[in-house]
*Asks:* 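Below is the structure I would like to discuss, written out as structure tokens.
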Amino acid sequence: MYEVLARKQVLLRRGEPSPEVVESTGYRLHNLYSAYEDLFKSVAGFWENHVVANGGYHVSLLRRMCIAIPGVRPAVLSEGSFRHLDELRAFRHVFRHAYSYGLKGSRVSMLLEGCLGMREAIFKDLARFREAIARGLCSEAE
């Protein structure tokens, strides 16, 4: 997914991007956050045994990923990754609910720059989480 976003970045940097490029980039950013949220739902559902969809659900789920639950699971995200993903979450909300108003190319471009810039930090957070879980599962099996 990030490879497609990197190609979109090239198109956005070429002068005044067309509305189609802006919209398709917004759609890809929407999908990126949705993929992360699906992962976070799986984490919450597996280790916390519940995912309740109520008011503020999306931001609440994301905040939960910054919290380590002693004896259950480590934190999934660092504070920096949370802040970035929260901005992406807010964009997804606008994209879903105010799409007919059009997207600002400058806003989409700025968000895309942030996404590509935060990719490695988020991947490191996820790798750290996976390693901590693997260590915990291995030590319990011994």
Side-chain angles (χ1 to χ4, degrees), residues 1-14 17-142:
M1 187 171 296
Y2 279 99
E3 292 76 22
V4 172
L5 288 170
R7 289 194 301 270
K8 296 289 186 185
Q9 183 181 43
V10 170
L11 295 173
L12 286 171
R13 287 181 172 171
R14 290 185 189 160
S18 71
E20 293 80 15
V21 169
V22 173
E23 290 169 7
S24 67
T25 303
Y27 176 73
R28 294 294 182 161
L29 291 168
H30 165 279
N31 289 349
L32 176 63
Y33 184 78
S34 293
Y36 280 124
E37 187 171 272
D38 287 346
L39 172 64
F40 303 150
K41 285 181 204 174
S42 293
V43 168
F46 184 82
W47 277 281
E48 300 170 39
N49 295 321
H50 69 287
V51 176
V52 178
N54 57 13
Y57 161 77
H58 300 285
V59 71
S60 174
L61 176 66
L62 186 56
R63 279 191 184 112
R64 286 164 56 185
M65 295 301 108
C66 293
I67 300 169
I69 303 172
V72 178
R73 67 160 177 81
V76 179
L77 297 173
S78 64
E79 184 64 29
S81 293
F82 164 80
R83 284 192 306 273
H84 165 67
L85 289 172
D86 191 43
E87 184 177 11
L88 193 56
R89 177 201 56 77
F91 171 80
R92 184 188 68 169
H93 178 81
V94 169
F95 185 86
R96 283 185 170 180
H97 300 287
Y99 187 71
S100 62
Y101 294 106
L103 299 174
K104 291 183 180 179
S106 59
R107 174 73 176 119
V108 170
S109 185
M110 184 183 74
L111 190 58
L112 176 59
E113 296 281 336
C115 283
L116 294 174
M118 285 298 297
R119 174 186 179 182
E120 292 306 315
I122 293 169
F123 283 4
K124 283 181 184 178
D125 286 351
L126 296 175
R128 185 187 67 249
F129 175 76
R130 186 174 51 247
E131 290 165 8
I133 293 299
R135 280 193 313 271
L137 294 176
C138 291
S139 65
E140 288 179 9
E142 294 175 340

*Asks:* If you round to the nearest 0.5 Å, how far is CD1 of Ile122 from CG of Leu32?
*Replies:*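 Those atoms lie 7.5 Å apart.
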
*Asks:* Do Tyr36 and Leu126 have side-chain heavy atoms sitting under 4.5 Å apart?
*Replies:*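 They are in side-chain contact.
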
*Asks:* Over all heavy atoms of both residues, which pair between Met118 and Gly80 is shortest? Give the atoms and the distance, please.
*Replies:*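 Nearest heavy atoms, Met118 then Gly80: CE-O, 3.6 Å.
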
*Asks:* Between Leu5 and Arg28, what is the shortest heavy-atom contact and its length?
*Replies:*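 Nearest heavy atoms, Leu5 then Arg28: CD2-CB, 3.5 Å.
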
*Asks:* Which heavy-atom pair separates Asp125 from Ser81 by the least distance, and what is that distance?
*Replies:*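 Scanning both residues completely, I find the closest heavy atoms to be OD2-OG, 2.6 Å.
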
*Asks:* Looking at every non-hydrogen atom in both residues, tell me the closest pair between Leu12 and Ser109 and how far apart they are.
*Replies:*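 Closest pair (atom of Leu12, atom of Ser109, distance): CD1-CA, 4.0 Å.
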
*Asks:* Before giving the answer on side-chain contact (heavy atoms from CB on, under 4.5 Å), spell out for Arg63 and Phe82 the whole-Å C-alpha distance, their side-chain angles and the decisive distance to 0.1 Å.
*Replies:* CA-CA 7 Å; Arg63 279 191 184 112; Phe82 164 80; 3.6 Å; yes

*Asks:* Would you please name every residue forming a side-chain contact (heavy atoms from CB on, under 4.5 Å) with Ala68, sequence neighbours left out?
*Replies:*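 Checked Ala68 against side-chain contact (heavy atoms from CB on, under 4.5 Å); matches are Ala75.
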
*Asks:* Hey, what's the ring geometry for Trp47 with Phe129, parallel, tilted or perpendicular (30° and 60° as the breaks)?
*Replies:*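 Trp47 and Phe129: perpendicular rings.
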
*Asks:* Quick check: closest heavy atoms across Glu23 and Leu103, and the distance to 0.1 Å?
*Replies:*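 Smallest interatomic distance, heavy atoms only, reads CA-CD1, 4.1 Å.
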
*Asks:* Please assess Val21 against Val108 for the test side-chain contact (heavy atoms from CB on, under 4.5 Å), listing each intermediate value before the final yes or no.
*Replies:* CA-CA 10 Å; Val21 169; Val108 170; over 6 Å; no

*Asks:* Test side-chain contact (heavy atoms from CB on, under 4.5 Å) on Glu87 and Met110 and set out the steps.
*Replies:* CA-CA 11 Å; Glu87 184 177 11; Met110 184 183 74; 4.1 Å; yes

*Asks:* Using the ring of each side chain (for Trp, its six-membered ring), is Phe123 parallel, tilted or perpendicular to Tyr2, with breaks at 30° and 60°?
*Replies:*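 Aromatic pair Phe123/Tyr2 classed perpendicular.
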
*Asks:* Can you tell me how far the CE atom of Met65 sits from the CD1 atom of Ile67, to the nearest 0.5 Å?
*Replies:*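 CD1 of Ile67 is found 8.5 Å from CE of Met65.
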
*Asks:* Can you list everything that forms a salt bridge (charged side-chain N to carboxylate O under 4.0 Å, His left out) with Glu120? Sequence neighbours excluded, please.
*Replies:*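 Residues passing salt bridge (charged side-chain N to carboxylate O under 4.0 Å, His left out) with Glu120: none at all.
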
*Asks:* Could you pull out all residues at least two apart from Glu113 that satisfy side chain to side chain donor-acceptor pair (under 3.5 Å)?
*Replies:*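 Result, side chain to side chain donor-acceptor pair (under 3.5 Å) vs Glu113: Gln9, Arg13.
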
*Asks:* Partners of Arg7 by salt bridge (charged side-chain N to carboxylate O under 4.0 Å, His left out), sequence neighbours excluded?
*Replies:*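 So Arg7 forms no salt bridge (charged side-chain N to carboxylate O under 4.0 Å, His left out) with any residue.
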
*Asks:* Mind listing the closest non-hydrogen atom pair of Leu11 and Pro17 along with its distance?
*Replies:*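 Taking Leu11 first and Pro17 second, the nearest heavy atoms are O-CB, 4.4 Å.
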
*Asks:* In terms of ring plane angle, is the pair His97 and His93 parallel, tilted or perpendicular, where the classes change at 30° and 60°?
*Replies:*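 Ring orientation, 0 to 90° scale: tilted.
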
*Asks:* Taking salt bridge (charged side-chain N to carboxylate O under 4.0 Å, His left out) as the test, write out the residues that go with Glu3, two or more places apart.
*Replies:*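 For Glu3 the salt bridge (charged side-chain N to carboxylate O under 4.0 Å, His left out) partners, ignoring immediate neighbours, are Arg119.
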
*Asks:* Could you check Leu88, Leu62, Leu61, Leu85 and say which one makes a side-chain contact (heavy atoms from CB on, under 4.5 Å) with Glu37?
*Replies:*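 One option only clears the test, and that one is Leu61.
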
*Asks:* Between His30 and Tyr27, how do the two ring planes meet: parallel, tilted or perpendicular, split at 30° and 60°?
*Replies:*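 If you compare the ring of His30 with that of Tyr27, the planes turn out parallel.
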
*Asks:* For the pair Asp38 and Lys41, find out whether any cationic side-chain nitrogen is under 4.0 Å from an anionic carboxylate oxygen.
*Replies:*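 A salt bridge links Asp38 with Lys41.
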
*Asks:* Go through the steps to decide whether Phe91 and Leu29 satisfy the test side-chain contact (heavy atoms from CB on, under 4.5 Å), and finish with yes or no.
*Replies:* CA-CA 8 Å; Phe91 171 80; Leu29 291 168; 3.9 Å; yes

*Asks:* If we only count heavy atoms from C-beta on, is the Arg135 to Pro74 side-chain gap below 4.5 Å?
*Replies:*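 Arg135 does not reach Pro74 side chain to side chain.
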
*Asks:* Under the ring pair (Phe, Tyr, Trp, His ring centres under 6.0 Å) rule, collect the residues that match up with His84, sequence neighbours excluded.
*Replies:*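 With sequence neighbours excluded, His84 shows a ring pair (Phe, Tyr, Trp, His ring centres under 6.0 Å) to no residue whatsoever.
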
